[in-house]
Amino acid sequence: MLKKALINKYIEILGKENVFHEEADRQTYSYDSAVLPPVVPALVIRPTSSESLQQAIVLCAENQLSITVRGSGTNLSGGTIPVSPKSIVLLTNGLNKILEINDQDLYARAQPGVITAQFATQAAQKGLFYPPDPGSQAVSTLGGNVAENAGGLRGLKYGVTKDYVMGLGFFTPSGELIKTGSRTVKCVTGYNLTGLFVGSEGTLGIINEITLKLIPPPASSQALLATFSSLEKASETVAGIIAQKIVPCTLEFLDNFTIRCVEDYRQAGLPVDAQALLLIEVDGHPDQVRDEAETVVALCKKMGALDVKLATSQKERDKIWQARRDALPALARLKPTTILEDATVPRSRLPQMIAAIERIGQQYNLIIGTFGHAGDGNLHPTILTDSRDTGEMQRVEKAIDEIFKQALSLGGTLSGEHGIGLAKRKFLQAETNRATIKLSKSIKAALDPALLLNPGKIFE
Amino acid sequence: MNDLQKLTTLLQRLEGQLAQCMKCGMCQAVCPLYAHTGREADVARGKLALIHNLANELLQDPLEVKKRLDRCLLCGSCAANCPSGVKVLEIFLLARTVISGYLGLSPLKKVIFRGMLVNPKLLDHVLSIGAKTQKIFSKQANPFFSTSCARINLPGLQKRHFPPLASTPWHKTTKTINTSRKANPETNRQTNHIRKLSQPGQKPSCQTTGQQKPGLKIAYFPGCLVDKIFPHLGKASLRIFNHHKLGIFIPEEQICCGIPALAAGDLSAFKVLVKKNLELFVQKDFDFLITPCATCTATIKKFWPLFADKFSPADQKAIFFLADKTRDFSEFIVNELCPPSPANLPQDQVMLTYHDPCHLKKSLNIFREPRQLLALNPNYKLVEMDKADACCGLGGSFNLQHYDLSAQIGKEKVKNISKAKASVVATSCPACMLQLTDQLSQQNIKTNVRHVLEIYAQTLK
């Protein structure tokens, strides 16, 4: 808890209703969606304008208070867990305006606290498409998505958040406004600070404004559901689709355990004996969609799919995607604690990674369901456990270590979408090397010499 | 064991359910309060964390937790949207009773719940004084809505526009009714198309025969708001029951279902009210207990059983028995009476939109039947508003304790009603009707607020 005099200074800048100093309120900002120990911050502040944001940042720096920026607090690697009981949580949901949606120059400008799905809906109302669709989009914020380089189901064809950030305005700890990028398609003026910033998990600056690229929406789409008797056949099909130079906008996968859980939950008639389901969607011009769908169906059958269903109506399409959306809730209901991991490997190594996850589950006697983005190799092994069972949690930790080691040994990466945060710091050197970490830390020291911005995240 | 330890021990019983929360934060997407304030303590995830922390002595101030738990509409939007299936409403109600048990009730609440609510005759007496003198304190606000507002800025009334208290509560004008079951109701008619409209998996008795089962007898539970503010709905309900030649049982007293006491955490007043209701209804002969209030229905069907273990074994049986027999008005008419669809649609239909009460759709999954009931009146055409199931913002006592927040949420609802360009907004809950009337009246948006049963009653000769 901060001294009364200091709390009053924040209240002067932000207004009484935007400063939470009572214990009960501060406790509700001690966690995010990661299964990690909570840390109660000293104060929670909620700026509602760029001016007050700047002033609040300067006040934090003057008092050497570290800052953890938080949108909706749905981060899965602990990036939004406060750094220490002496740190400040800075909420962005008071900066929640969409400033501009420009349908001539195909960009939008927004404040960091705008909810992603609401932004996408507003863009769609103007006939434009914002593709990145992380699973949390109904609640997560654009600022959080930028900080974590959030992904989503459309990643394979449309890319991820970094591919849509044209420019940023962010504050340094000393309250200086840094401008990066532009509103133009092409821009090479100074260092690519935008690229540096996206995915920096709140450690290099505090976002004030984001310029995002928008694209024309696809004219049509076709969803398919393919059933396989083995994971190998499913992965070979994925490879085969890409080999045909078809890039589906979505190419998702459910393993047998997940299929059975989803069927239990929804009773939609999923084939519970299938070893793998591929949920595919192709989009684009209607002729292209028709051709690609035909090719994909033929390919699936050639690769030995037990069955391929094409959605013939909006209702059927919704049913297919509902199965994917149900994966996490269906698994989560099995046990009190759900740990959603993010190990990513090159597409060609999917069968080995999936097999390794199964082996690890058996080795450590854990329940693990795996689903995810087969098209880009970003899997979500989901461990169902109970955080109150300390014995099991130790095995969980070991299993997660193993999963990461496996992913790295297959040429993969620790995090496709969820970030490093606190959860994966210890593996970073294994994936990169000492020199990379040293360089990164020197960049951090240059931008944040007093180490006030989310210290301890990403790097140990 | 000191009192605080008793508190934490009781709260720890909720741990199993609290542990289900995986902190995904999806409740933020649907909480009507969070949408306006952006405060984590206002949304389910934050409240569940506070209850957990209090139970584990990570937080030592039950009053601070209670203040935040009370910033909640108990609408159940969070629970309905929770991927993990956390029973949020149950946890909140149980926590409220535990914490209020520890902190005690304010003197005012004691008077209202333990003084008046559990003593229906005293309550009637006080309200009749209120009804007679209301013109002193209130004046006409909006003639289109027949609403009143306070003459001066009284705490508790503020800017509200409200329908006046009925001069006599409905149960007093109606008295006891106990008619016999009718052998052959005249309203038997083939209604093949109604079979398709019923919810999949549910087998209403008229589905197989297409006809109303002969000899049905129902009991009627008007609820406090119909009884004391909207007696015309009680009248219309009787008209409907008589039209369908139903046997009817209406007890001599109308006793509150208990939700205001339960929401305040007053377990003892709640238990008295439930027990009094059990005495009125159990051992009486009827097939269904019909209520026109979504909140009463949810309370009897979901919350009475939730607290059943606080009653004697005999009373527990009675609670489950009664809960099982209780039906929402639309659900009953559509599924058990199978009224025929209109033959012709007139040229000019009045535009009507429907608001889904939270307790009906989110707690009871009833949203098709009210629309089917509305479709039976050919003079109206149903147009759906945006977010028809968004909370109206009343939240019962929430409206009294947090009027400004309640009004903010209500304004959003009224925006969507206005956008739908309907002349009438129908709903299935008198509490929602109060809120919609208040906000529409204040903004002078001339959309009539009706209960679905009134719309149906209009079709009867």
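Within every chain, numbering begins at 1; the chains are lettered A, B, ... in the order of the sequence lines, protein sequences first and strands thereafter.
- Of the listed residues (B:Gln28, B:Gln17, B:Gln20, B:Lys47), the greatest number of heavy-atom pairs within a distance under 4.5 Å of chain A belongs to B:Gln28.
- Applying the side chain to side chain contact (heavy atoms under 4.5 Å, CB included) test between A:Pro329 and each of B:Pro83, B:Cys24, B:Cys82 identifies B:Pro83 as the sole match.
- At a 4.5 Å heavy-atom cutoff, the contact between A:Asp25 and chain B is made by backbone and side-chain atoms alike.
- With contacts defined as side-chain heavy-atom distances shorter than 4.5 Å, the pair A:Gln27/B:Leu59 qualifies.
- For A:Asp326, no part lies near chain B; criterion is any non-hydrogen pair under 4.5 Å.
- Salt-bridge formation is not detected for the pair B:Lys67/A:Glu22: no Lys NZ or Arg NE/NH1/NH2 atom is positioned less than 4.0 Å from an Asp or Glu carboxylate oxygen.
- Between the CZ atom in B:Arg39 and the CG atom in A:Asn93 there is a gap of 11.5 Å [rounded to 0.5 Å].
- Scanning all heavy atoms of the two residues, the minimum distance from A:Arg388 to B:Gly16 falls at NH1-CA, 3.9 Å.
- When heavy atoms are compared at a cutoff of 4.5 Å, A:Arg26 does not approach chain B at all.
- Put simply, of A:Gly94, A:Gly135, A:Ser72, the one with the most heavy-atom pairs under 4.5 Å next to chain B is A:Ser72.
- Counting heavy-atom neighbours within 6.0 Å of A:Gln322 CD, excluding the residue itself, gives a total above 12.
- Looking at every heavy atom in both residues, A:Ala332 comes nearest to B:Ser84 through CB-OG, 4.0 Å.
- In terms of heavy atoms, B:Arg45 sits closest to A:Ser33 at NH1-OG, 3.6 Å.
- Neither the backbone nor the side chain of B:Cys27 comes within contact range of chain A; no heavy atoms are under 4.5 Å apart.
- A:Tyr31 approaches B:Glu40 most closely through the heavy-atom pair OH-OE2, 2.8 Å.
- Nearest heavy atom pair, residue B:Ala29 against residue A:Ala138, reads CB-O, 3.8 Å.
- Between B:Met22 and A:Leu328, the closest side-chain pair of non-hydrogen atoms falls below 4.5 Å.
- Contacts with chain A were tallied for B:Lys23, B:Met26, B:Gln60; B:Lys23 has the most, counting heavy-atom pairs under 4.5 Å.
- Proximity to chain B (any heavy atom under 4.5 Å) is restricted, for A:Arg46, to the side chain, taken from C-beta onward.
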